[in-house]
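Quick notes on the structure that follows.
Naming convention: chains lettered A, B, ... in sequence-line order (proteins, then strands); numbering from 1 in each chain.
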Number of protein chains: 2
Amino acid sequence: MAITSHDVARLAGVSQPTVSRALRDQWGVSASTRRKVREAARTLGYVPIQAGRTLSTQTSGRIGIVSAELSNPFYPAIIEPVHDELARLGYRTILVTDRGHEPVELEPIIDGSLDGVILTTTELDSQLPYELRRRGVPFVLLNRDTRQPEYDACVVNNTVGVWDLAKLLLGLGHQRIGAIFGPDTASTGLERRTGFAQALGRLGASLPNSLTFSGPFSSTTGSQGFQYLWNAKPTAIFCANDVIALGAVSEAAALGVRIPEDVTLVGFDNIPMSSWNIFGLTTVGVSLEEMAMTAVGLLTRRMDDTERAVQRVTMKPVLTLRSTHGRPRALDAETH
Amino acid sequence: MAITSHDVARLAGVSQPTVSRALRDQWGVSASTRRKVREAARTLGYVPIQAGRTLSTQTSGRIGIVSAELSNPFYPAIIEPVHDELARLGYRTILVTDRGHEPVELEPIIDGSLDGVILTTTELDSQLPYELRRRGVPFVLLNRDTRQPEYDACVVNNTVGVWDLAKLLLGLGHQRIGAIFGPDTASTGLERRTGFAQALGRLGASLPNSLTFSGPFSSTTGSQGFQYLWNAKPTAIFCANDVIALGAVSEAAALGVRIPEDVTLVGFDNIPMSSWNIFGLTTVGVSLEEMAMTAVGLLTRRMDDTERAVQRVTMKPVLTLRSTHGRPRALDAETH
DNA sequence: GCTTGACATGCATACGTATGCAAAGAATAG
DNA sequence: CTATTCTTTGCATACGTATGCATGTCAAGC
């Protein structure tokens, strides 16, 4: 059905291998032959069949990115720059969805149709990295880490990030601080929880259990968490990521709670949506573009040399002050 | 490097074809042989190389979905149910990005690596459908249509949708109605623009040019459009899709304009984010799940029979009343 | 016991591209 | 004019899986 290199060869009056060489710009083909082949290929609208290429070269030019559901805005936000950077390098991006409640389907990753994989949903104890290494599939961890630092990875320094936020909140005069945490099964969840609690402690404050709530990294968690915590009347709430924070902001709006007048809310990640002016979320994070580029760089280097030493990059997040933070109401009244 | 069916054959003491047949559950393989092969495959961790399969069967089990940037929330919203439905049928989804300002890259679509394609970004005069038909690649139009109804498609009845919205706005007593339209190069943009203007006309109202704004289907358009229109003080604004409407709501919040007290805003599509309670957007639309299932159904039928008659489905949108609509302020005051 | 048939398995090959190697042809040097 | 080198091209084959066809085996029927 489809046009093959044999068809082009016949039309150009050359052999099939010559077609392959001519179109792939290899030396060893005369200018006139190349012109003939080019012309024939153009006439027929020839496009090389990818499967043939993959089988022959053992390389597909496809990179997989394992992400969670797209309805979680964090994932589109990280997939997009990864996709762009891969495209710049001539790779195509294949989406592999991780539903969370069941392990990622392994087959489409290790069936030879991917040259490499970027993992963005890794849980601390996930077997996937181990499995991929065992099978010789190059991969890199993006944003989330495993328990042991034994794989290529590009992650955020969560400890520094939550420290900055803790300092910000305390500096504004907040005493009664609540927190909506993510799952302890992910490095981001665990590190941000323990890091934030420790930071408060070191800075002379505390985080009572009654002022914490936990759930998956979803806007629903933010919404439920805000409902739950609001009864305990904190003056500020730390959210373990922006998606949770956006859910909390949204719930606050529904309850008629004003931000930042009635409560301060901060997030983590600095996803693009947080800058929408209806949210204006004060948050901390790294450039997702830079993170994507770094991760892609690590991956391509791993693909070039599977034996090279593990390389890990930890990016330092920076604080972005927008409009969801303010002084606690009591203090505010004092100064007037 | 990777394990092949030959390795499995050697270990199981059978021939390679027998491995293929045994693992593919074909008749003509004895129970004992099948058991041996299964065992050997499990031991070696054998996964069939996709390229070999594709080359041999001329089918990849991959479906492409052409969408715009994921930063536009409409696309994650439609990709997700399409992906789920395809997964249910055993297909994997490949994302193909349409950047809008340049034509979609054709090669990865027609290089034999896709069994079919779902187009969600088709412009009225796009050459892509023509090209795909010419090359025999099965496809279906989703949401957006071409100028002539010559391809399989699942679209929304935009005329009915905007009529319902026009009726709603006029019913609430709005007289001074503005609109933020999408691009005329897309069926959704054109139909919603002309449809809305006509509906107002038939219902005895009008839409002055000074109260309209146009731009791409992005939240930025909503934001800019709201800024622009707000000077002319409309009491209600129709937005050509939800993404625009969310941008407008967001901008209104930034300007301190209250919704629906100061202005009514309505959208079109009913994407999941519109139901976030910070937005609570009143809008009209079809179930994206249903739309996705319908489109996938059309596509698979086309793949089964490339000769079958063109089939087109038009879905009737329904109104979802949330909290961004209300009576105009003047009237509201009267009744008090 | 021989024939017939059903079933299980292997052989050969196709799918389309890329590449090592050999052969043929052209160009250069002596 | 011949010998040598370099360039261009084709032949053969590999990549891994799936399947038509032929062969082999075994059991049942007469």
Between [X] and [N], is there a contact of a side-chain N or O with OP1 or OP2 at under 4.0 Å?
{"X": "B/Thr57", "N": "D/dT17", "result": "no"}
{"X": "A/Ser20", "N": "C/dA18", "result": "yes"}
{"X": "A/Thr18", "N": "D/dG10", "result": "yes"}
{"X": "A/Thr33", "N": "D/dT9", "result": "yes"}
{"X": "B/Gln16", "N": "C/dC11", "result": "no"}
{"X": "B/Arg24", "N": "D/dA18", "result": "yes"}
{"X": "A/Ser5", "N": "C/dT17", "result": "yes"}
{"X": "A/Arg53", "N": "C/dA18", "result": "yes"}
{"X": "B/Gln58", "N": "C/dG16", "result": "yes"}

* Asked: Between B/Asp7 and B/Arg10, is there a side-chain N and carboxylate O pair less than 4.0 Å apart?
  -> yes
Nearest-angstrom distance from the residue atom [atom1] of [X] to [atom2] of [N]:
{"X": "A/Asp111", "N": "D/dC15", "atom1": "CG", "atom2": "P", "answer": "19 Å"}
{"X": "B/His6", "N": "C/dG10", "atom1": "NE2", "atom2": "C1'", "answer": "12 Å"}
{"X": "A/Leu55", "N": "D/dA18", "atom1": "CG", "atom2": "P", "answer": "12 Å"}
{"X": "B/Tyr46", "N": "D/dG16", "atom1": "OH", "atom2": "P", "answer": "10 Å"}
{"X": "B/Lys36", "N": "C/dT9", "atom1": "NZ", "atom2": "C1'", "answer": "10 Å"}

What nucleotide among [options] has an atom nearest to a side-chain atom of [X]?
{"X": "A/Arg21", "options": "C/dG20, D/dT8, D/dG16", "value": "C/dG20"}
{"X": "A/Ser56", "options": "D/dG16, C/dG16, D/dC21", "value": "C/dG16"}
{"X": "B/Ser15", "options": "C/dG16, D/dT17, C/dG10", "value": "C/dG10"}

* To do: Answer yes if the side chains of B/Asp115 and B/Ser60 hold a donor-acceptor pair under 3.5 Å, and no otherwise.
  => yes
* Asked: Is it true that the side chains of B/Asp145 and B/Ser187 contain a donor and an acceptor less than 3.5 Å apart?
  -> no
* To do: Answer with base, sugar-phosphate or nothing: what part of the nucleic acid does A/Pro17 contact at a heavy-atom distance below 4.0 Å?
  => base
* Mind checking whether B/Tyr151 and B/Phe139 have ring centres under 6.0 Å apart? -> yes
